[in-house]
Structure formats: C-alpha cells, structure tokens
Number of protein chains: 2
Amino acid sequence: MSILVVGTVALDSVETPFGTAHRLLGGSATYLALAARYFWPEVRLVAVVGRDFPEAYRQVLQQAGVDLEGLVVNAQEDTFAWGRRYHYDLNERDTLYTHLNALATFDPVLPAAYRDSQIVCLGNLDPHLQQRVLDQVEAPAFVICDTMNYWIEHTPEALRAVLRRVDCLVVNDAEARQLAAEPNLIRAARKIQAMGPRIVIIKKGEHGALLFFEEEIFSAPAYPLEDVFDPTGAGDTFAGAMAGFLATQQCFDEAALRQAVIYGSALASFVVERFGPERLLALTPEEIAQRVAAFRRLTMFPEVDLQTLALPGLNHAT
Amino acid sequence: MSILVVGTVALDSVETPFGTAHRLLGGSATYLALAARYFWPEVRLVAVVGRDFPEAYRQVLQQAGVDLEGLVVNAQEDTFAWGRRYHYDLNERDTLYTHLNALATFDPVLPAAYRDSQIVCLGNLDPHLQQRVLDQVEAPAFVICDTMNYWIEHTPEALRAVLRRVDCLVVNDAEARQLAAEPNLIRAARKIQAMGPRIVIIKKGEHGALLFFEEEIFSAPAYPLEDVFDPTGAGDTFAGAMAGFLATQQCFDEAALRQAVIYGSALASFVVERFGPERLLALTPEEIAQRVAAFRRLTMFPEVDLQTLALPGLNHAT
C-alpha cells in the first residue's frame, strides 16, 4: 500500500508571542509526508518548489524517506512563500503575505511510478488541481481531502466535484459550518456526508476532533497543552499521520478510523511544540506510544455498577 | 449521605429561534435539585421565592421528592424573574431583563435538619451568601460550587474566600479564563486549583467538559445534539447530576469523578431538548443508562496491535 501526498511545499515565516522564525520548511505536502512516513515507508510527494528552495530542505525530506520524484523545481520562479502572525491566544491569526510564486502555475503531473498509489492525500489546493490528481491515479483505495474557506467561497462547483470522489474530508469547524451553511456541527457533518465523503472529520483545535463515520460519531479529545508554540502544520500533520496509520492497518473500517484519529491527534500535539516541522524530525516510537496512551487516560471512565444506582430517586421517574 | 442545594428558584422567560416560553420554573437550585434527585432520595433545597410563585411549581418540586423545608416565601416581593434571548447558533445570548425581587434581600438560613448535609452544591449566587451557607453546615464532605463573570469582576475577594473552602469548582470556559486571567484553559485550571479547589471542571458547551482532578485530566465529550432547543439550566443540571451520582458512590475519588462528569453530561444533554426543566421531570433509568452508553461509544477507540506499527518509517526516527 503506497501513500501519495499532493499539496504545497513552502517557505513559511511565522510570528508568535513566543518568537519569530523566517523561511522555515513548510507547506501542506511537507507536513503530510513527514507525518505519514512515521508509519509507512512508501510516501510519494507531488508538489512544486522554486529556484530558491534550499538544498538542505530537500535533504530533510529525502532523509525522512519521502519519495521526491514528484517534486518539481520551477527554475523561473521562487518557492511559494507565506507569512503569518499568531495572536496571544493562538486562535486568532493574520496572514502577513502570500506569495504564490511557483504555485501560481502549478500543474500536478504524477510520475508514472506514482499512478498505482492507493492512499491519496489531497492537501489544501485549488480543487481543479485536486481533480487533476485524482484523474491520474489508477485505482485509489482511500482518498483523504483537505480544503479551506477560499475554495468554498470561490470555486464551489469544482469543490463539489472533488467531494464526490473523496472518502474522507478533513476540515476545521469553521470550514465545516461554511461548507454546509449550517451552524450546528453535527448537522453540518451530515450535510457534507450527503455531498460525497462517507467519512467527515472536523478538527476543533484545542477542543479535539469529531469523526463522522457513516452513521457513527467518535469524539477525540485534544491533548492538553499548556504551551502551543506554533500551530502551523497541525492539521496536515493530523491528516498525514492518519494516512500512514491506515496504511499499516490495510483497512479503512470504523475501528481503524477511530484509531487513526487518535494517532493523527497525537502527532499534531507534538508538532505544535516547536516552530515548523522540527518536532516531526526526531520523534521516537516510544514517544508516540506514550502520547497515544495519554489520550486513552484522558478519555477513560470506569464502568458503573448499575446496582448502586437502583435508588428511590430514579424510581420517582418511572 | 444527604445533598444540600442552594441557589435561585426563578421564573424564566426564554426566546429561542424555535419558540418562546414565559414564566417557566427555573433557577439554579431548581435544576440542581431536579437532577440530583434522579440518583439520590435526600435532596434538600435552600432558596427564596416571592408571593407570585405558582403553587403548581412547588408541587413539581415536591412530587420530585425534593425537601422544601428550606424554601422561603417572601410575601412582600415577587419571585426572581429573568428573561433571555438565544440567537440562531445558541452560543450567543442577550439578557432581556433581570428582576431580582425577593432575591435582592435573600439571606440563606439553613433549617436545623439541614445542618448535617454532606454534599453541598452552591449554585451561582453572591459569594458572601455562599460563605454564609458553608458557615451553617457542620461537616461538609464535598462542596461543589458554581459562579459567574459578575462575581469574578465585582466580589473577587469574597469569591476567593469561598474557593478556599470548595472541593470542586464548576465553571464554563469563559469564566475559567477570566477567573485565572489566562487564555490557555489547562493553565487556567491549574491556577484555579492553586486558589483552593483540588477539582476544577470546565464546561465547554458543544465541546464537552474538562475535569482537572489534582494532577490528572479527563476530557468528556459533548453528546452530539442536532437540535439544542433551550440551553437554560444545562450547567446546573450537570452539577446536580454529578452531586447525586457521587452520593450513590459514597466516594469522591478520581474514578467516581470521571463517572460523575459523564452522568452530569448525560443529564445536561437531555435538559436542552425541551424548554425549561420539562425533560428532567420524566426521564427513566433506561434513558439515562442508554445515554451513558452512548457517551462510551462516542469516546471508545480499540487498542492498536503495536506489532503492526513496527515499520521502517518509525525506525527512521530512532
């Protein structure tokens, strides 16, 4: 089972109340791939960079075991660059600049060796490009897709066409409400499922994530972090780790999806501890296992002996 | 083990996008008592009403088995009355009016028979009155306390004095952030624990609740509701059900608190399905047990066979 990730490889600049970092390795495809490869060795990347993309960053991806045959270099343009400022509570953010550069003319072409990919991760991109990618994959077994407010507003038809071909949409709560035109998240998810994806995952930041698997709902907590250093990449790390985990299970049933959401949440909880993808470069299997165990402790409540509840107070009601 | 609830008994008017209801039986003590008595027969109420309090509402509380010896009637005043309008997404609300009436001069005096109460629920009230109540209880085993932004802003000293005598503070996320002057909820809870309560519960509405029990954290989901009809009383129902549940367990350890948070969440998820406390008047033990089982399905994820994860991708990191 091979994983294909498509998205951006970017140079990110981030200002947070804790510090500032410039031209970090970033982009949705970067985080998707660096998270997925923790679980599965065959991770193929399709993206474009420009003439200024540092060789050291290529090395980072290569040494992480990511297949870079699909990473195109546009020698006429610079790399997609993006600047963001996070406010004190980290839920609010301003975009300082977005220089599309090489991304403006990006047309994803899959190397021949990528066409048999089975798990496809469509990072946040123009839905026309997401469709182009799907057209080139022979027989995808599981398609995970991200999007954002810009495409919901500006290319709704193209987005709808993609959604009909997607197994699992991963969006944040504001995007889910906007896409479904519905403030209640449960109703919003049901409406999105009716658009195509039988699985919808709604990321709620510090409030965790909701998985809608056909009729069933799974509520995953957020790992309780006292210090979120840099939220960049958390959502793509979540989706990438899910994809990698699902590859190991060779299965996309409800149990595997519940587990995948926890592994996704665990890796996302690491990445926000440092600037950029730094924390994703040297995690150990033990650290991941411990974090997953912490998620279990966070949600576990013992069975109640119902005999202890057979009381007059309850019988009033019968 | 007997439960004492202190708070308001009110006549509530509520406008929601789904309808309008006037002069409903309401108030924190009402919801606390009606929820607690589902679990435990001895629920004692201390509150004041006025000359206009309907006899039918007294009957509702009495038939539910609530001890009303501590319900004072002020024949010179009307009952505390309160009007609220909820907006379309139900997270926003406007207070239309607050007529304190009999509540303005309320001085809670415990009947002699109430002084041996063991579980004490202090509903949202002036913290000076909450202190007066605690002064009259001989040997409280467990004190649960609610408060609100008004007291955090206007009577911070009195509130701090109450918190030093409280085992478990139950507040919403905005109140926790304000009380601790800290936007991060985990840090906020730790700061509040340092003020006295070894247990802090932060209610997050549609995002569930967080229990901070000494060093441990438990994250309870919200029950996924497609239709929240009237959010009034959900927080007090939560706290009242917790108190009743804990009485059945005769125990206040971490396991019991985790379970109590789930039972509190379950009863709160019922009360918002109708106007006022209507849904609390005829729940069956089976309905409660089914809702609790639904909370377990909502949070359950199977153990992962770690052998399936022993892959080259992970070994890159070691």
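First the proteins, then the strands, lettered A, B, ... as listed; each starts at 1. Quick caveat, the model's predicted, so the values are computed rather than measured.
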Evaluate the side-chain proximity of B/V304 to A/Q249: yes if any heavy-atom separation is below 4.5 Å, no if none is.
yes

How many angstroms lie between CG in A/L309 and OH in B/Y38, if you round to the nearest 0.5 Å?
14.0 Å

B/R190 versus chain A, the contacting section by heavy-atom distance below 4.5 Å:
side chain

When rounded to the nearest 0.5 angstrom, what is the spacing between CD1 in A/I186 and OH in B/Y223?
10.0 Å

Taking all non-hydrogen atoms of both residues, which atom of A/F301 and which atom of B/F295 are closest, and how far apart?
CZ-C, 4.2 Å

Would you name the heavy atoms of B/E226 and A/R187 that are closest together and state the gap between them?
O-NE, 3.0 Å

Residue list, salt bridge (Lys or Arg N to Asp or Glu O under 4.0 Å) with B/E273, at least two apart or on another chain:
B/R279, B/R291

Before accepting this row, confirm whether a basic side-chain N of the pair A/E303/B/R258 lies closer than 4.0 Å to the acidic partner's carboxylate O.
no

Heavy-atom nearest pair, B/L225 first then A/N184, reads O-ND2, 2.8 Å

If the plane angle is over 60° it's perpendicular, under 30° parallel, otherwise tilted; pick one for B/H207 and A/H207.
parallel

Rounded to the nearest 0.5 angstrom, the CZ-CD1 distance for B/R297 and A/I217 is 10.5 Å

Return the OG1 to CD distance between A/T308 and B/Q259, rounded to the nearest 0.5 Å.
8.0 Å

Given A/A36, A/A188, A/P224, the one with more heavy-atom pairs under 4.5 angstrom with chain B than any other is A/P224

Side chain / backbone / both / neither for B/I262 at chain A, heavy atoms under 4.5 Å
side chain

How many angstroms lie between atom CD of A/E206 and atom CG of B/D173, to the nearest 0.5 angstrom?
7.5 Å

